[in-house]
Amino acid sequence: MSDRLVRVRFAPSPTGYLHIGGARTVLYNWLVARKVGGTFILRIEDTDRDRHVEDSVGKILEDLRWLGLTWDEGPVVGGPCAPYFQSERLDLYHAHARRLLESGDAYYAFETSEELEASRESARVEKRSYKYVRPSPLPTIAQGEAAQAAGKAVVVRFKMPGEPITVHDEILGDVVMPAEELEDFVILKSDGWPTYHFACVVDDELMRVTHVIRGQEHLMNTPKHIAMQRALKFATPSYAHPPIIFSMDGTKMSKRDKEKAIKEGRTPPEIEVHDFRVSGYLPEALLNFIALLGWSSGDDREHFSVDELIERFSIERVGKTNARFDRDKLLAFNTDWCAKTPPLRLLAAFKDFLAVNASPLLKFDDAMLARLLAAKKGLRTFRDVVDSARFLVQRDEEVWPDGGPINPDAVRKVLEKNEGAGYRTLEAILAKLDAFADWTAEGLHKLIETYCAASGAKMGDVAQPLRVAITGSTVSPPIGDSLALLGKDATCARIRRCLSARRGA
RNA sequence: GGCCCCAUCGUCUAGUGGCCUAGGACACCGGCUUUUCAUGCCGGUAACAGGGGUUCGAGUCCCCUUGGGGUCACCA
């Protein structure tokens with residue numbers, strides 16, 4: 001098969017934002033397509049009307065765009081195999097179900113889900129393993145249609161051929177499923193909609209998908225799909241089931257972890273792609289990191305741009321073992337990426353971060369934001385920048401409230417010790433700042449240096465009291481930058497408030 | 001529980017029978033740099049799950065045990 005004809009797809013169901021595991025699956029598919037100039041298809045599997053979450057297609061598309069994982073066919077862009085929403089392809093599924101019915105590879109079945117659940121339950125109670133028993137004799141098509149016309153709940157089941165099926169997996173090798181494990185399953189629900197298995201197989205064929213890359217939780221589905229492909233005389237695509245991504249505690253990463261954390265008063269972990277965006281990660285770093293969850297280049301390199309991933313990725317180098325999502329390592333990756341990302345790109349990503357957070361920093365112009373970014377060397381996430389810039393959007397009264405200092409420890413450690421040496425330094429430097437004209441980071445830095453040289457003070461003896469005075473805390477960007485960013489008026493006003501707060505105490 | 005998959009430092013992994021005295025990265029510990037936080041730099045601790053084979057030789061191949069995971073829907 002020619003590489004150019006490689007067609008892969010990502011087929012999310014619209015139940016919320018894009019999950020991080022899903023993102024890794026998209027990435028692998030996308031990489032495979034981009035590497036050989038193949039086609040990456042996005043298909044929306046919205047056949048479950050009960051679980052459909054409003055607007056989640058839009059959210060998934062947005063997450064994909066943020067990651068830069070563009071699709072060649074699918075929602076918005078369309079394509080030769082449109083529509084790309086399964087909810088708009090119902091007659092296709094019905095036509096193929098009809099074929100299976102007529103060839104005897106599928107049959108109508110009349111059990112209700114309540115009846116089936118009851119027999120499953122009794123099997124559980126009696127500790128027997130449950131398996132659906134094929135009715136005998138099988139209802140005829142005419143009987144099925146009559147029941148349907150009479151308003152009975154009717155499904156269509158696929159008749160498994162009763163022989164073992166081997167999945168040739170690109171990652172796992174050959175996996176043989178014993179025939180006894182493969183029972184007849186529903187392909188058309190009583191509401192007339194197809195199940196995942198059926199819609200997936202029909203669409204993969206109709207969309208000429210050549211390679212299926214999906215999480216290992218789908219491995220057991222594959223024999224069913226292969227059986228249907230044979231019955232329908234479809235081609236069987238090449239399969240690859242990458243291992244699953246777990247949280248550090250070894251459980252599956254789940255949205256519920258967020259709710260649980262909130263309930264327990266912890267900060268919720270990032271689970272969906274959107275969470276990482278909100279938390280201030282760079283998509284480049286996230287992509288780089290998740291690529292490595294299962295894949296490795298073979299040498300000692302770990303940092304790859306998207307282009308480098310495209311060049312070096314191959315499904316053969318994907319491992320078989322489940323990976324844990326190590327947030328510390330992600331953070332380290334993000335730190336590295338922030339340090340090496342060009343200022344313009346970093347600024348754009350930062351603005352996106354501020355926008356999704358509706359940050360008060362949005363009031364600053366690009367030049368100011370660029371200065372903020374530059375002043376925060378060694379940033380780990382954009383959140384760090386916002387934290388370090390908080391004093392810029394606070395009012396003077398918030399930094400030095402009338403009721404007392406917001407950070408008494410800082411006041412004690414920096415200002416009050418040595419009989420209030422910090423306060424005396426502030427008084428002395430305030431006079432100089434008041435009269436200072438060159439209000440730039442460099443100019444201010446020099447002013448402080450000069451003061452230190454003249455007074456014999458160390459840099460920290462001056463910078464820390466200033467920092468506390470203008471921010472109320474011991475943490476801020478380098479002092480020259482902090483003063484310059486704040487501006488002369490606010491700086492002097494805050495120092496005065498700080499000094500009078502002492503007198504008031 | 002049945003079936004299926006997996007098994008190298010705490011974590012992600014390199015390793016395809018001799019190059020392994022098991023390499024890298026993150027975390028951790030120690031040191032250095034430093035006006036705060038953070039970055040950065042240097043160094044260190046740390047793994048082949050256990051037991052049998054096969055072989056001159058096994059982390060690498062086979063079997064068993066143990067452990068972990070997935071899956072058993074009219075969800076996808």
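Letters A, B, ... mirror the listed sequences (proteins, then strands); counts begin at 1.
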Fill in the blank from the handout: In B/S/- notation (B base, S sugar-phosphate only, - none; protein heavy atoms under 4.0 Å), nucleotides 68-76 of chain B written 5' to 3' is -SBS-SBBB
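Not counting sequence neighbours, the partners of A:D409 by the side chain to side chain donor-acceptor pair (under 3.5 Å) test are A:R412. Scored by the ring-ring contact (aromatic ring centres under 6.0 Å, His included) test, A:F276 finds A:Y281, A:F325 as partners (sequence neighbours excluded). Residues meeting the side chain to side chain donor-acceptor pair (under 3.5 Å) test with A:S122, sequence neighbours left out: none. Looking at residues two or more places apart in sequence or on another chain, you find no ring-ring contact (aromatic ring centres under 6.0 Å, His included) involving A:W400. Under the rule for a side chain to side chain donor-acceptor pair (under 3.5 Å), the partners of A:T471 that lie at least two apart in sequence or sit in another chain are A:S473. For A:K413, there are no side-chain contact (heavy atoms from CB on, under 4.5 Å) partners two or more places apart in sequence or in a different chain. The side chain to side chain donor-acceptor pair (under 3.5 Å) search around A:E449 returns A:H445, not counting sequence neighbours.
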Got a list of protein N/O to nucleotides 26-33 of chain B N/O distances below 3.5 Å?
unit_1: B:C26; atom_1: O2'; unit_2: A:K329; atom_2: N; d: 3.1

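With hydrogens and angles disregarded, a donor-acceptor distance shorter than 3.5 Å links the side chain of A:T381 to the backbone of A:R383.
Near-neighbour residues of RNA chain B inside residues 289-297 of chain A, defined by a heavy atom below 4.0 Å, number-ordered: A:L292, A:L293, A:G294, A:S296.
Counting only residues at least two apart or on different chains, the side chain to side chain donor-acceptor pair (under 3.5 Å) pairs with a member in residues 8-28 of chain A are A:R9-A:D204. Residue pairs meeting the side chain to side chain donor-acceptor pair (under 3.5 Å) criterion with at least one member in residues 450-462 of chain A: none, sequence neighbours excluded.
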